[in-house]
Amino acid sequence: MVKNRHAAQGAGESIPEVPFTAPAGRPAGVEVLTLAELRDRADACALAVPHRPDFHHLLVVDSGHLRHTVDFRKYELSANDWMWVRPGQVHHFGDLSGAEGRLVLFESGFLDPVTAAAARLEDWFGPAAHRPEGEEAQAVESALRHLHQEFGALRGLPLETHIEVLRHLLAVLVLRAARLSVRDEEARDEGAWGRGVWGGGGVPEGTGVRNRGARGRGVRGPGAREEGARGPGARDGGAADGGGHGGVCEASETFLRFRDAVERGFTRSRRVEDYARALGYSPRTLSRATAAATGVGAKEFIDRRVVLEAKRLLAHGDQTAARIAVRLGFADAANFAKFFQHRTGSTPISFRTEVRGPA
């Protein structure tokens, strides 16, 4: 658990980067705690500051109400709502005094690669909020309860064995939680929920990406309520793999490779041709695979990722537009401002003022 949410930042970093720190006497890589324990151990003001952890947060609300913001999307969580925040996403807690619940923190590397792939652990743009029902609710609750119990006591096991037990119990939990995401995607494919480009959650509220006339309804489950969320009116990331059924088809695999390459390289290149060359595909193949998975072409996908990062830096940091331009790979501030205004309808400075108020 991170003891100080205002973790040391790298040179020029504007959003606090939060590393995982294991509690004293506990195995590295995973921690299970209650919201009451979180309130006792962490600074509420620091938790309310947008930050970018490098580990997963898997949260369930047991009672009360909790507001939580993930990349400009505001969620109101109530009893039996689950939220999964992935590494690299910028988020912050609301008032923790009005809710009780449990929180699992874990690093991606704590799980074995097969489980990580099956659970789509690196699907950074997967749905954030879920409310399981019926047997699925019982299964995911049972998985969390067993993990929490095991984390709380060594149960007479050698440390190495205890760690392996935690690893296996966490695997069960994340595989169950990932299944909730698949069901959400299937529901949205049937028109029950709003549609979104970024893997089911939509382009986060505040990214300002225009959708050429379409307006989505945002992700709204039967419990967790999302305030003011507007999806781009496009299809989910789940569509490429047959709506969540069976294995991963060729088009889906192509998109997943492209998505990961964009995540690594969007600050260096916004050209589809560069990614196609690096991955061994034609630009047309990438665009087809991306459209099948998200409803938008490859170029649009890249630009939306750049806009999201620009929004994060403008909203949560104090870097000048010129420094942000350099960080995102633009030749100069003028080119960045032109790109940003074309994509959002607002200048960088106007957006910052709108989000944060006049200086």
Side-chain angles (χ1 to χ4, degrees), residues 2 4-19 45-55 57 68-74 85-93 124-125 128 196-199 201-210 228-230 232 259-271 299-359:
V2 175
N4 182 357
R5 291 284 174 173
H6 289 292
Q9 301 176 37
E13 178 58 65
S14 58
I15 302 173
E17 301 277 354
V18 182
C45 293
L47 289 172
V49 173
H51 51 282
R52 195 198 308 253
D54 66 359
F55 51 93
H57 290 59
H68 201 97
T69 301
V70 183
D71 276 332
F72 303 100
R73 282 187 174 273
K74 298 178 181 179
V85 183
R86 290 163 169 82
Q89 292 185 300
V90 176
H91 74 115
H92 63 275
F93 289 86
W124 302 281
F125 312 116
V197 165
W198 292 98
V203 173
E205 175 68 11
T207 55
V209 177
R210 297 173 177 175
R230 291 184 301 166
R259 182 200 66 188
D260 292 348
V262 170
E263 189 64 22
R264 294 190 301 269
F266 71 89
T267 62
R268 296 187 297 274
S269 176
R270 297 184 301 280
R271 287 167 36 89
K299 175 58 175 171
E300 176 81 0
F301 185 88
I302 297 168
D303 286 351
R304 291 186 181 200
R305 182 62 184 91
V306 176
V307 167
L308 172 59
E309 194 65 22
K311 292 273 189 174
R312 288 170 169 172
L313 297 172
L314 288 165
H316 305 311
D318 296 319
Q319 290 181 327
T320 65
R323 291 197 65 184
I324 292 174
V326 172
R327 178 167 179 166
L328 295 180
F330 290 88
D332 51 49
N335 279 318
F336 169 58
K338 182 178 179 180
F339 169 88
F340 191 86
Q341 185 163 13
H342 174 71
R343 300 296 304 171
T344 70
S346 175
T347 67
I349 300 305
S350 295
F351 169 76
R352 172 173 277 171
T353 301
E354 177 184 354
V355 172
R356 299 168 55 168

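This structure is a prediction, so every number in the text was calculated from the model and none was measured.
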salt_bridge(E309, R52) N-O dist < 4.0 Å: yes
From D71 atom CG to R312 atom CZ, the distance as rounded to the nearest 0.5 Å: 3.5 Å
Donor-acceptor contact present, side-chain H91 to main-chain Q89, <3.5 Å: no
Closest contact, heavy atoms only, A321 versus F336: O-CD2, 3.7 Å
Donor-acceptor pair, side chain of R352 and main chain of G317, under 3.5 angstrom: yes
Which atom of A333 lies closest to which atom of A322, heavy atoms considered: CB-CA, 3.8 Å
Smallest separation among heavy atoms of H51 and H92, with atom names: CE1-CA, 4.3 Å
Heavy-atom check, side chain of F301 versus side chain of V262, under 4.5 Å: yes
Ring-face cation contact, F266 with R304, 6.0 Å cut, 45° max: no
Worked verdict on H57 versus F55 for ring-ring contact (aromatic ring centres under 6.0 Å, His included): CA-CA 7 Å; H57 290 59; F55 51 93; 4.9 Å; yes
4.5 Å side-chain heavy-atom contact, F339 and L328: no
Salt bridge D318-R356, side-chain N to carboxylate O under 4.0 Å: yes
Heavy-atom closest pair, residues R270 and K299: O-NZ, 2.8 Å
Audit row: H68, V85, side chain to side chain contact (heavy atoms under 4.5 Å, CB included) steps and yes/no: CA-CA 10 Å; H68 201 97; V85 183; 4.1 Å; yes
Straight-line distance of L313 CG to L308 CG, nearest 0.5 Å: 9.5 Å
Nearest-0.5 Å distance that lies between atom CZ in R259 and atom CZ in R264: 10.5 Å
V355 vs L314, side chain to side chain contact (heavy atoms under 4.5 Å, CB included): CA-CA, chis, key distance, verdict: CA-CA 9 Å; V355 172; L314 288 165; over 6 Å; no
Audit row: D54, E17, side chain to side chain contact (heavy atoms under 4.5 Å, CB included) steps and yes/no: CA-CA 7 Å; D54 66 359; E17 301 277 354; 5.8 Å; no
Q341/F351 under side chain to side chain contact (heavy atoms under 4.5 Å, CB included): CA gap, chis, key distance, verdict: CA-CA 9 Å; Q341 185 163 13; F351 169 76; over 6 Å; no
Approximate separation, where rounding is to 0.5 Å, of D303 CG and F340 CZ: 12.5 Å
